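This report concerns only the one structure given below.
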Amino acid sequence: MAMEGRRISEELSPRYYALCAVGGMLSAGTTHIALTPLDVLKVNMQVYPVKYYSISKCFSSLLREQGPSALWRGWTGKFFGYGAQGGCRFGLYEYFKGVYSNVFLDQNRNFVYFLSSASAEMFANLALCPFEAVKVRVQAQPCFAKGLHDGFPKLYAAEGTRGFYRGLFPLLGRNLPFSMVMFATFEHSVDFLYRNVAKRRKEDCSIAQQLGVTCIAGYAAGSVGSFISNPADNIVSSLYNRKADSFMLAIRKIGFANLFTRSLPIRLLLVGPSITLQWFFYDTIKVLGGLPTSGEVATDLRDDAS
């Protein structure tokens, strides 16, 4: 697999990285817009767990009290924020994977996947954090602002620059493990599906079959990543909405067990399809640009020993 990593990295070019970044930006931004209503439910269930103790209760209460438009609150923050995150997450992952594949030739591929995704996610979260700070407040506090255009200046006037990055470390705590697990799960799922289900090389499968593999691997990656990162997601919502003033206080208020279980069903419902669509759109854009679909596939069974 070390030689395979070297071969892959040598094929990369600035055009490849640029197309991956654009594909990540468009795929992440558009899919997050489509799933805004589920995100609104998730955030409100995290911030007001007593009032919104179930998905159906949260949905019916928001419709009755605030109207249908409440379910689309914060869509601009999702589009621009997660678009910026997606561009960095996917584009820089491909870049760092190429770099680390050349540097760590003899390392297990998991090490390269983890290190590449963690490096990319650092930059992705710096880009996302200001948008997420406004979005969460808009979704959970109807009187705070209508969207980014009035939310950004209002937050800056109230808390300064610090307000935009209040939840950076919990956000990293959520997204770093999510990204690391997500990319590694995706890579291994792609390899498993080609070697054990399709039983053919990627190049011998049709584009439709390759995109089908992408969707299945994407759903597996999103679901596993959601479970791993759910505790930090609850902490992020608590901090942004001033339910707690510190990381440790948020943990104490939420409760250790609730960190893993609160809003988990709706988060799985939200993130699984979202990540699946992101991978599908991302790989579709890559194919239209003349690039191969994502994921490494071992050339033969002996590669498993590396």
Side-chain angles (χ1 to χ4, degrees), residues 4-5 7-35 78-79 82-98 101 109 112-114 116-117 120-121 124 175 178-226 270-299:
E4 179 72 4
R7 182 186 65 79
I8 290 171
S9 65
E10 288 173 347
E11 294 177 354
L12 305 182
S13 67
R15 176 183 174 275
Y16 178 89
Y17 299 132
L19 190 57
C20 289
V22 171
M25 178 180 65
L26 294 177
S27 64
T30 53
T31 54
H32 274 88
I33 282 184
L35 295 171
K78 290 185 70 63
F79 178 72
Y82 285 92
Q85 183 200 38
C88 293
R89 171 181 282 176
F90 286 94
L92 290 177
Y93 172 74
E94 298 288 359
Y95 171 75
F96 284 119
K97 188 170 74 169
S101 293
R109 296 304 290 169
V112 174
Y113 300 151
F114 286 146
S116 301
S117 55
E121 198 64 25
N175 291 340
F178 173 83
S179 185
M180 294 168 69
V181 170
M182 188 267 288
F183 276 107
T185 301
F186 179 84
E187 297 275 9
H188 286 293
S189 296
V190 167
D191 180 70
F192 175 84
L193 290 169
Y194 279 114
R195 286 159 53 81
N196 297 283
V197 180
K199 296 184 178 179
R200 284 185 289 172
R201 296 188 310 162
K202 181 192 293 188
E203 295 80 6
D204 295 331
C205 296
S206 67
I207 295 300
Q209 290 172 327
Q210 292 183 39
L211 291 176
V213 168
T214 293
C215 288
I216 296 172
Y219 187 82
S223 298
V224 175
S226 295
L270 170 68
V271 179
S274 174
I275 295 299
T276 304
L277 288 173
Q278 283 183 44
W279 278 110
F280 174 74
F281 290 153
Y282 176 63
D283 268 5
T284 299
I285 293 171
K286 288 176 68 176
V287 168
L288 292 175
L291 301 178
T293 54
S294 303
E296 295 181 12
V297 183
T299 54

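Here, residue 1 is the first one in the sequence, and each next residue gets the next number. It should be emphasised that the depicted structure is a prediction, and the values quoted were computed from it without experimental measurement.
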Check your understanding: What's the verdict on side-chain contact (heavy atoms from CB on, under 4.5 Å) for Tyr113 and Lys97, showing C-alpha distance, side-chain angles and the deciding distance?
Key -> CA-CA 7 Å; Tyr113 300 151; Lys97 188 170 74 169; 4.2 Å; yes
Check your understanding: Could you state the interatomic distance from CD (Glu296) to NE2 (His188), rounded to the nearest 0.5 Å?
Key -> 9.5 Å
Study note, to complete from the structure: When Phe183, Tyr82, Phe186 are each screened for ring pair (Phe, Tyr, Trp, His ring centres under 6.0 Å) with Phe90, the one that passes is Phe183
**Study point:** Distance (rounded to the nearest 0.5 Å) between Leu92 CG and Glu121 CD
**Key:** 10.0 Å
**Study point:** Any side-chain heavy-atom pair of Tyr282 and Cys20 under 4.5 Å
**Key:** yes
Check your understanding: Going from CG on Leu193 to NZ on Lys202, what distance comes out if it is rounded to the nearest 0.5 angstrom?
Key -> 11.5 Å
Study note, to complete from the structure: So CD of Glu187 and CE of Met182: to nearest 0.5 Å the spacing works out to 10.0 Å
Review point. Would you call Cys215 and Trp279 a side-chain contact if the rule is heavy atoms closer than 4.5 Å?
Key: no
Exercise for review: Would you name the heavy atoms of Val224 and Thr185 that are closest together and state the gap between them?
Suggested key: CG1-OG1, 4.1 Å
Review point. Hey, which of Val271, Leu26, Thr31, Thr30 is the one that makes side-chain contact (heavy atoms from CB on, under 4.5 Å) with Gln278?
Key: Thr31
Check your understanding: Do Arg109 and Ser101 have a side chain donor and acceptor closer than 3.5 Å?
Key -> yes
Review point. Should Cys88 and Tyr93 count as side-chain neighbours, where that means a heavy-atom distance under 4.5 Å?
Key: no
Revision key, fill the gap. Smallest heavy-atom separation, Gly222 atom then Ser226 atom, equals O-OG, 2.7 Å
Check your understanding: Which atom names give the shortest non-hydrogen contact between Gly289 and Leu19, and what distance separates them?
Key -> CA-CD2, 3.7 Å
**Study point:** Distance-minimising heavy-atom pair for Pro273 and Leu35
**Key:** C-CD1, 4.5 Å
Exercise for review: Would you name the heavy atoms of Lys286 and Tyr16 that are closest together and state the gap between them?
Suggested key: NZ-OH, 3.4 Å
Review point. Any chance the side chains of Thr214 and Gln210 put a donor and an acceptor closer than 3.5 Å?
Key: no
Check your understanding: So, for Asp283 and Ser294, which heavy atoms are closest and what is the spacing to 0.1 Å?
Key -> OD1-OG, 2.6 Å
Review point. Looking at CD of Glu94 and OH of Tyr17, how far apart are the two atoms once the value is rounded to the nearest 0.5 Å?
Key: 8.5 Å
Study note, to complete from the structure: Distance col, row Asn175:CG vs Ser117:OG, nearest 0.5 angstrom, shows 11.5 Å
